[in-house]
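Below is one structure, written out as structure tokens, with a few remarks after it.
Computed from a predicted model, the values in this text were never measured in an experiment. Within every chain, numbering begins at 1; the chains are lettered A, B, ... in the order of the sequence lines, protein sequences first and strands thereafter.
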Amino acid sequence: MPELPEVETYVRDLTPLLHNRTVTGVTVFWPRIIALPTVDEFIQAMIGQRFTSFGRRGKYMLLGLASGDTLIVHLRMTGRVTVYAQPVVADKHTHVVLDLADGGQIHYQDSRKFGRLWLVANTTTVLHKLGEEPFAAAFDVDYFAAKVAGRTSPIKALLLDQAVVAGVGNIYADESLFRAGIHPTRASNSLTREELTRLHSAIQSVLGQAIDRHGSSLGHSSIQNYTRPGGEAGEFQGEHKVFQRTGKPCMHCGQPIERIVVTQRSTHFCSTCQR
DNA sequence: ATAAGGCCCTGACCGC
DNA sequence: TGCGGTCAGGGCCTTA
């Protein structure tokens, strides 16, 4: 599942592959993938566009175009973007193909069809509800404490709320809570200032380390498993302390890692180390 | 205002 | 070998 570190890796890998390349044709096989504007408008507006800048906000990729518009891509669960040097036959999971002026192609593939593309003049149209970026100066302990204040839902649910902090998903929520020593079902407003400080720090350090290791590649299927745009696996799965380690010994205390469901999401933790 | 549940999708997995 | 049923999961929407 692409979360912040995986999306950041994607953007960094795509930058040299797409910089200054121009779109000359667009084919949409599954119209629902195009969130904005209409499919016909998307096709017309993308033709002739040149990629000029590359960024990320939360789990959204921001591909800036010479016109000033931005192509926003959210991979959700199973989205992939692959850049080919020559035209390639679209497979059953390819939903959008962009032809490039030099004969190359960009394929958007997504077995679950949850991902979306937007073409917008102003990115706030799509991003306005997001909370702070985890590495922004504005994401300090005071901001975090203010967002948590008065919230009774489990702290795990707050970490997954993109309006609190942008980019944390199921993997990095569990890993952050373990590193901070906090039980995932704790009521958010029961955390002390010291615990919030530990959790804030854990979020930044886990995400930073995961970016350095190009994200986490998990699962068994080549379709479901996240890989970088060039097909390489990430390396951070080897650093996971709890995520998908149910029944295995805690690396800190040796007790088996437990799995529960918190707000409809599988949650992994050590009941000895996390209180 | 927050919180909880449904929805979109389909590959993987399980039991028979 | 095949079939039906269940599950996972991000973010948005609806309902309480």
Notebook entry, point to check: What's the CZ-P distance between A:Arg80 and B:dT10, to the nearest Å?
Noted result: 17 Å
Checklist line | Separation of atom OH in A:Tyr60 from atom P in C:dG11, rounded to whole Å | finding: 6 Å
Margin query: In this structure, how many angstroms lie between the P atom of B:dG11 and the OH atom of A:Tyr226, rounded?
Written below: 22 Å
Note to self: Any base atoms under 4.0 Å from A:Arg32, or only sugar-phosphate, or nothing? Heavy atoms, all strands.
What the structure shows: sugar-phosphate
Notebook entry, point to check: When you check the phosphate oxygens OP1 and OP2 of C:dG10, does a side-chain N or O of A:Lys59 lie under 4.0 Å from one of them?
Noted result: no
Checklist line | Interatomic distance, A:Leu218 CG vs B:dG11 C1' [rounded to whole Å] | finding: 16 Å
Item checked: Protein-nucleotide distance (A:Ile33, atom CD1; B:dC9, atom C1'), rounded to Å -> 10 Å
Margin query: So, does A:Thr263 get its side chain near the phosphate of B:dA4, meaning an N or O under 4.0 Å from OP1 or OP2?
Written below: no
Next item on the list: Check the geometry between A:Phe114 and C:dG10 and answer yes if their rings are stacked (centres below 5.5 Å, planes below 30°), otherwise no.
Entry: yes
Check: Does C:dG11 have OP1 or OP2 sitting under 4.0 Å from an N or O in the side chain of A:His74?
Finding: yes
Margin query: Can you see if the side chain of A:His93 gets near the phosphate of B:dT10 - specifically, an N or O under 4.0 Å from OP1 or OP2?
Written below: no
Next item on the list: Using atom NZ of A:Lys129 as one end and atom C1' of C:dC12 as the other, report the distance to the nearest whole Å.
Entry: 7 Å
Next item on the list: Starting from P on B:dT2, measure out to CG on A:Asp161 and report it in whole angstrom.
Entry: 9 Å
Check: Is A:Glu3 paired with A:Lys59 through a side-chain N to carboxylate O contact shorter than 4.0 Å?
Finding: no
Notebook entry, point to check: Should A:Lys147 and A:Glu132 count as an ion pair when the cut-off is N to O under 4.0 Å?
Noted result: no
Notebook entry, point to check: Where the side chain of A:Phe243 is defined as all heavy atoms beyond and including C-beta, which of B:dG11, C:dG9, B:dA3 is the nearest nucleotide?
Noted result: C:dG9
Next item on the list: For the pair A:Trp118 and A:His74, name the ring-plane relationship: parallel under 30°, tilted 30 to 60°, perpendicular over 60°.
Entry: perpendicular
Margin query: Parallel, tilted or perpendicular, judged at 30° and 60°: which one describes the rings of A:Tyr10 and A:Tyr226?
Written below: tilted
Next item on the list: State which residue, out of A:Thr185, A:Asp174, A:Thr263, A:Asp161, fulfils the side chain to side chain donor-acceptor pair (under 3.5 Å) condition with A:Lys156.
Entry: A:Asp174
Margin query: Any side-chain N or O of A:Ser153 below 4.0 angstrom from OP1/OP2 of B:dA3?
Written below: yes
Next item on the list: Would you kindly give the CD-to-P distance between A:Gln264 and C:dG10, to the nearest whole Å?
Entry: 12 Å
Next item on the list: Look at all strands and tell whether A:Asn170 reaches a base, only sugar-phosphate, or nothing, counting heavy atoms closer than 4.0 Å.
Entry: sugar-phosphate
Notebook entry, point to check: Are OP1 or OP2 of B:dG11 and a side-chain N or O of A:Lys92 less than 4.0 angstrom apart?
Noted result: yes
Item checked: Side-chain N or O of A:Arg151 closer than 4.0 Å to phosphate OP1/OP2 of B:dA3 -> yes
Next item on the list: Taking only the side-chain nitrogens and oxygens of A:Arg265, find out if one of them lies under 4.0 Å from OP1 or OP2 of C:dG10.
Entry: yes
